[in-house]
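Inspection log for the structure reproduced underneath, given as C-alpha cells.
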Amino acid sequence: MNSNEIEIHKELKKYFGFSQFKGLQEQVITSILDGKNTFVIMPTGGGKSLCYQLPALIREGTAIVVSPLIALMKNQVDAIRSLSSENGIAHVLNSSLTKTEIAQVKKDITSGLTKLLYVAPESLTKEEYVAFLQSVPISFVAIDEAHCISEWGHDFRPEYRNLRNIIKQLGKVPIIGLTATATPKVQEDILKNLDMADANTFKASFNRPNLYYEVRTKTKNIESDIIRFIKQHKGKSGIIYCLSRKKVESIAEVLQVNGISAVPYHAGLDAKTRAKHQDMFLMEDVDVVVATIAFGMGIDKPDVRFVIHHDIPKSLESYYQETGRAGRDGGEGHCLAYYSYKDVEKLEKFMSGKPVAEQEIGFALLQEVVAYAETSMSRRKFLLHYFGEEFDSENGEGADMDDNVRNPKHKVEAKDQVVKLLEIVRDTKHIYKSKEIVFTLIGRINAVIKAHKTDTQPYFGSGSDHDEKYWMALLRQVLVSGYLSKDIETYGVIKITKAGLDFIKKPVSFMMSEDHEYTEADDETIVTGGKSSGTADEVLTGMLRELRKKVAKKLGVPPFVVFQDPSIEDMALKYPITIQELYNIHGVGEGKAKKYGSEFVALISRYVEDNDIIRPDDLVVKSTGVNSANKLYIIQNIDRKLSLNDIASAKGLSMDALIKEMEQIVYSGTKLNIKYWLDDILDDDQQEEIHDYFMESESDKIEDALKEFDGDYDIDELRLMRIKFISEVAN
C-alpha cells in the first residue's frame, strides 16, 4: 500500500470502524479525492453512500449531496452524526427547515464544520442558496439516485434534468453520479445529461450472493401462505410489497389479527403516520411493513431478512431494487414473489390508457418480468443477464441460491429446435419481437405478420410440432445464452448474434429446461437462503440484542445506530470485555466504542465469568489509555465546581452538547457531582421530588418525566437531575 492508501484505510477505520473496503469503494474514493468526475453504478446494499461520505469527511470544504427523498437524507444525516461528536458535521437543507435552523446550517458551513450538506434538487434552484454556496468552498457535488435523471429509469424526476446547469453556477467542482440502476440505456442518459462524458465510470457486480430468489404460484389462499412464511421467520424484519393501497391495508390487518406485528405504509397515509410507521420498523417495534413501492428508498435498515412481492412488479428494475433491501449486512435475505398471469393482464390493461411511446416502454419492461417469473433457468443468471452481466451458474457466488437451481425442472435436448429458431430470426431479417417470431414458428397469423407477407414464406409454421409456450421458453433461454440479442432501442426486436450464426453452422447440444406451469400451487417446503453466522454464541447474541434495544430506546435512536447486527454477532464471537477490545469488533470505531460500549462489555464480562468461557486469544489488546480530551476536561472542571456555562464555552459546546457528554460520562459508569450547579436552579424540595420520580419510574426517559411534571420543569433541568440521579444511584 502506498501512503495515500494507508491514509484512506486509517480514515475508514477511524470514522466507520471497518478495516477494509467493499468491492469498488476504494477505487471510487481515490477517483473522487483526485478531483475527477466519477460515475458509480452499484447495486442497492453495495455501500454506495460510503463512496461519497468518506471523501467528504477527508477533503477540504463541504460536499453537496443531492438526494430525492427527505427520509433518506434524515437517515443518512443521523448516521453521520452518530460517527462524530459534532452535530454540525452533516446537515440537511430543504423546505422543512425554519429560519433559525437555516441560519445554523449556514454558520456551520461557513466555519468549516459541515462536511456533508444534503439537499433536495428543488432547494438548489433557490437563488439565495446558490448565492450562499458560491461563497463557500465546495469539495464536490454528489448526485445520489442519479437514475431519476433518465426517463428510462424507473423513477424519473423532471427537476433532476436541470442539475447540470445549477452545478455549473457553483464553479468548477467535480461531480459524482451514483445509481443502482444498470441498464445501458439509463447510464448513457445520465452521463449525457450531466455533461460528464469524461467521467471515471465504476460498475460493480449486481450479484447479491446472499439473496435467495423464489417465485411461487399465487393462489386463493396466498394470505395463509404469507403468514406461514413469516411465522417460520419469527422475530425477523421483512417488507411485503403490494400494488394497491387497499391491498396494503387489508394484508396488514390480516397479519395483525394473526399475531404478527405489522404496519401499513403508503402515500395515502398522512406524513405523520408514515414517519411513525417507518420509525417503528427501524426501531424494531414492529417486524413487518406492508407497503406500496413508495416505501424503502429511504430505508437503510441493514437487517431486513425477507422481501415478499404479493403482486409482481412492473419492471425487473424495480424488482431488483425492492428485493435489494433484504440482507444488506450480508446475512440471510429471502426474496419471495407470488406470480399469476392475471396480475400481468391487470397491469397491461392499466397501461393501455397511456401515450403510445410510454406503452411501448411499459410493455417491453413487463414482458421481462413475465419471462423472469416463468423461466426455469437460474433466476440469478437471468437477472444479471438483464443488467448486462455474465454469471457462471455452476460456480458463481450464490449459484445455488434460487428455487430453480435447488429444484431443477426436467431438461430436454433442443439442439435442432434452436437451429430452427435462429434460422427464422435470420430469415425474417430482424424485424420481429418475440411474439411474432413464435407465431411464425407455429404458423399463426396476425396483422404484423400479414403486413410483411411472412405467412407466404416456406418456413412459416415450420415449428408447429411444438406449442407457443415451448417456443417462448426456448427463445428466452437462447437469449440468455447469447445466441440472440434483444434490441433495447427498438423495444425488444430480436436479432441474431455472431455466436448464433456460428451455432447454425455447427450446432452443439442445448439442454432446455421446461418452463413453470403456474396453475396448481405445489405446497413445497420453504428453503431459506443466506448464511447464518453459526459460530456466534446465540444466548449471548440474544442478551446483547436486548441490551441494544434498551440502550437505543434510552438514546431515542434505532438499534442499528448503536451497533449493527454484524457487530453484535462479532461481539458474541470474540467476547470483548474492555472498551479497548471493542475497537477490534467489526464496524465499531473508537467513537462508537466510547459512545455506547460500557454496558455491552460489562454484560459480556459477566457472561464470560458466569459461564466459564475461554475467550479467543487474538482479542486481548493492550490498553493505550487514551481518553477523550473533552471528557477528562469536563470531569476535572466539575470537580472544581466550575460553572457549566464556562465549561461548555471553553470547549465550544452548546449546553445541549455538554449535557450529552455528561450523560455519556455517567452512563458509562463515572460519577459527576453537579449538586453545586443544581442548587442554584432548584431548591431541595424540587430536587427531592424529581429524585423520587426517577427512583419509582419504569423508564429514565425524559419525555416521560416531562409528561409527568407537565411543564413544572424544563428539559435541561430534568436532564441534569437525571445525571445527578444516575451518578448517585447507579454508579
Side-chain angles (χ1 to χ4, degrees), residues 17 75 78-79 82 210 230-239 259-263 278-289 299-306 325-334 528 530-579 581-582 584-589 592-611 613 615-616 619 667-668 698-701:
N75 223 312
D78 288 347
S82 81
N210 57 314
I230 295 173
K231 291 200 163 163
Q232 284 172 325
H233 294 74
K234 204 171 161 46
K236 293 179 180 172
S237 290
I239 304 171
I260 291 165
S261 62
V263 288
Q278 179 167 319
D279 284 344
M280 287 169 80
F281 184 56
L282 292 176
M283 305 283 286
E284 294 176 15
D285 291 332
V286 297
D287 292 334
V288 180
V289 168
I299 292 298
D300 195 15
K301 186 168 165 54
D303 55 354
V304 173
R305 292 288 162 246
F306 57 86
R325 305 206 165 105
R328 294 175 77 154
D329 54 8
E332 173 196 341
H334 195 121
T528 50
K531 47 179 190 292
S532 108
S533 52
T535 39
D537 181 324
E538 282 178 17
V539 179
L540 179 58
T541 305
M543 291 164 75
L544 290 168
R545 277 171 192 264
E546 277 307 304
L547 173 60
R548 173 179 68 171
K549 209 163 171 178
K550 202 175 89 195
V551 172
K553 278 230 161 52
K554 197 155 63 189
L555 296 164
V557 297
F560 62 81
V561 170
V562 180
F563 290 121
Q564 290 199 332
D565 274 1
S567 305
I568 293 283
E569 286 182 6
D570 208 28
M571 288 180 209
L573 190 68
K574 295 181 177 157
Y575 305 106
I577 56 173
T578 67
I579 295 284
E581 290 178 5
L582 259 193
N584 284 19
I585 294 298
H586 173 81
V588 180
K592 275 235 160 143
K594 287 179 177 161
K595 213 164 194 170
Y596 307 117
S598 56
E599 295 181 66
F600 287 83
V601 290
L603 169 77
I604 297 167
S605 174
R606 280 199 305 277
Y607 182 83
V608 166
E609 208 161 301
D610 295 348
N611 296 285
I613 283 166
R615 302 193 309 135
L619 201 87
Y667 274 111
S668 65
E698 286 287 294
S699 95
D700 59 355
K701 278 191 177 163

Listed pairs under 3.5 Å, donor-acceptor, residues 600-609 side chains, sequence neighbours left out:
unit_1 : atom_1 : unit_2 : atom_2 : d
Y607   : OH     : D537   : OD1    : 3.0
Y607   : OH     : D537   : OD2    : 3.0

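A salt bridge links D285 and K553; the closest N-O separation between the charged side-chain nitrogens and carboxylate oxygens is under 4.0 Å. Looking at R545 and E284, no side-chain N of the basic residue comes within less than 4.0 Å of a carboxylate O on the acidic one, giving no salt bridge.
A distance of 5.5 Å separates NZ in K550 from CD in E599, rounded to the nearest 0.5 Å. Remark: M283 CE to K301 NZ distance equals 10.5 Å, nearest 0.5 Å. To the nearest 0.5 Å, atom CZ of residue R548 and atom CD of residue E546 are 10.0 Å apart. Summarising the geometry, atom CE belonging to M280 is positioned 8.0 Å from atom OG belonging to S261; distances are rounded to the nearest 0.5 Å. In this structure, I577 CD1 and M571 CE are separated by 14.0 Å, a value rounded to the nearest 0.5 Å. Here CD of E538 is found 9.0 Å from CD of E569. Values are rounded to the nearest 0.5 Å.
When all heavy atoms of G597 and I579 are compared, the closest pair comes out as C-CD1, 3.7 Å. Closest heavy-atom contact between G333 and A326: CA-CB, 4.1 Å. When all heavy atoms are compared, the tightest approach of V304 to R325 is CB-O, 3.2 Å. Taking all atoms of both residues into account, the shortest heavy-atom contact from I239 to F281 is CG1-CZ, 4.0 Å.
Annotation: side chain of K236 is not in contact with side chain of H334 (no heavy-atom distance under 4.5 Å). Between L582 and Y596, the closest side-chain pair of non-hydrogen atoms is not below 4.5 Å. Residues F306 and I230 are in side-chain contact: their nearest non-hydrogen atoms beyond the backbone lie under 4.5 Å apart.
Partners of D279 according to the side-chain hydrogen bond (donor to acceptor under 3.5 Å, both in side chains) rule, which considers only residues two or more places apart in sequence or in another chain, do not exist here.
Surrounding NZ of K231 are more than 12 heavy atoms belonging to other residues, nucleotides or ligands, all under 6.0 Å away.
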